[in-house]
Amino acid sequence: MTFEDDVRRVARQIQDADTVTVISHIDADGITSEAIMMQACADAGIPAQSVFVRQLEPMTMKYVPEDSSLKVFIDLGAGQQNLLEERSMGTEDVAIIDHHVAQNVDTPYLQANGQPYGYNQLSAAGIGYLVAKEMNPGHPHLGILAQNAVVGNVGDMMAREHCGLTGPAHEIAADGERAGTIRIVPQELNCYGISTRPLRICLSYSDDPFIPGISNNEQKAEAFLRKLEIEERTAGGRQRVWEDLNQNEKSAIINGLAQQMLATGQDISRLLAEHYIFPGEEKGTPLRNASEYATMLNACGRWAKPRVGSAVCAGDRAQAYREGEEMLRHHKRIIREMMEYILDTGTTALSHIQHIHVGDRFPDTIVGIGAGMALSKLDYEKPIMILCYLNDDPELTKVSMRTNTRMVERGVDLQAALITASEEIGGGGGGHKIAAGAYIPRNAEEGFAERVNRIIAEQRN
């Protein structure tokens, strides 16, 4: 059996269903996954409905309808198959499209998952796209589905490790390029915000790679641009973004940054990356490139509006897009406030991690993002752990951890650490090496950071 065989079997199962319920996650990968599967079902003439859940757990299983529809779990389900068995769901009731580590259970649920086949840089949206393509190779919306899949892949950090998508995920981007919905831009500056952030902000927020003298220093970034005689504003007074620059200006900045990094002994291998531009989207908007599009979708999901994000993925550039923009502005403001709180309060440093408990000051849906932003201004050699309370479950504590590529290269695996540490005290975790989360009993908080610290210490090369 091959991965392609699994994709075909799941596609056939969906095509044979009378009705479908898509159950998906609320982040960018989950939202794009839902949009892809709903479009695939619509084009196949299959009645479908969808359900978004923050996490598939006993408390959220109540949102999965107990009807005769085929339940397509996407971007979740692989690691929670015991919950499906407890609901007495059989193999004929379930299809799983996921990229997380699968749980061993007695019921052989049909599953399309790249993990067992070594496709570790392919998110659920990417696999959902392959299933949709198998359902209809001449899909009328293939270009849009590819665009959504690329947003999901990039949003789930599948392009981060190699500074670009690889394997099947890159082939999906190439499908979109052939369809005219995606422009693949190789060897571009590895920087977030190339379509919307003013140049000095774009440069000063760079933490991968970290640029000595520019990262975390807006004034130094501005001075660097002046030295290169790069105009920061257009003739009309608008602040220029990276996408506004001509090739000579881009080359001057890249060469200047490379010289600055080499002069301070920095590795420049991550200075350039591949970007994914959507030529059909308006310039200067967060929908223009994959990473910023994903941020908008994450904002919608984190603030309990995943359906707004789904509507944007389906093409709504009116009401849904306006709501999405508002969610994005709100999202950024609260995250800035959270980052400032972390920096002002300070973290508790252990030998191999740093941690802070924010209580109920910030929603549990954004603490991971705030952790990632704060880490760029803290000790980068120590992964950051943030604990917080959940408004809807007083018995649980949410744990979020973030690290960087340099630490992953030294052996750090946050997913493994949190799975092991949380399961030892009756909780559960998951995620990725570079970013992971867990839920633990609130009465087991004491000593949890020390437990994770010991595991990270053992991982370090």
Exercise. Does the pair R410/E381 count as a salt bridge with the N-to-O cut at 4.0 Å?
Worked result: yes
For this session: Could you tell me whether E326 and R329 make a salt bridge, using a distance below 4.0 angstrom between a side-chain N and a carboxylate O?
Result: yes
For this session: Answer yes or no: is there an ion pair linking D208 with R160, defined by an N-O contact shorter than 4.0 Å?
Result: yes
Problem set entry | Check ion pair E161-K433 (N to O, under 4.0 angstrom) | no
Exercise. Rounded to the nearest 0.5 Å, how far apart are CZ of R12 and CZ of R9?
Worked result: 12.0 Å
Problem set entry | Mutual orientation of the aromatic rings belonging to H331 and W303 [parallel < 30°, tilted 30-60°, perpendicular > 60°] | perpendicular
Exercise. Hey, are E282 and R288 close enough for a salt bridge, meaning a charged N less than 4.0 Å from a carboxylate O?
Worked result: no
Seminar exercise, completed: Distance col, row I456:CD1 vs L418:CG, nearest 0.5 angstrom, shows 7.5 Å
For this session: Flag the pair C163 / L272 as yes when at least one side-chain heavy-atom distance between them is below 4.5 Å, and no otherwise.
Result: no
Which atom pairs, donor and acceptor, lie under 3.5 Å between side-chain atoms of residues 178-188 and protein residues at least two apart or in another chain?
from : atom 1 : to   : atom 2 : distance (Å)
R178 : NH2    : D175 : OD1    : 2.5
T181 : OG1    : G143 : O      : 2.8
T181 : OG1    : G176 : O      : 3.3
E188 : OE1    : W242 : NE1    : 3.0
E188 : OE2    : K250 : NZ     : 3.2

Problem set entry | Residue pairs passing the salt bridge (Lys or Arg N to Asp or Glu O under 4.0 Å) test where at least one lies in residues 294-317, sequence neighbours excluded | E34-R307, E281-R317, K305-E323
For this session: Using the six-membered ring wherever Trp is involved, compare the ring planes of H432 and H100 and label them parallel, tilted or perpendicular (cut-offs 30° and 60°).
Result: tilted
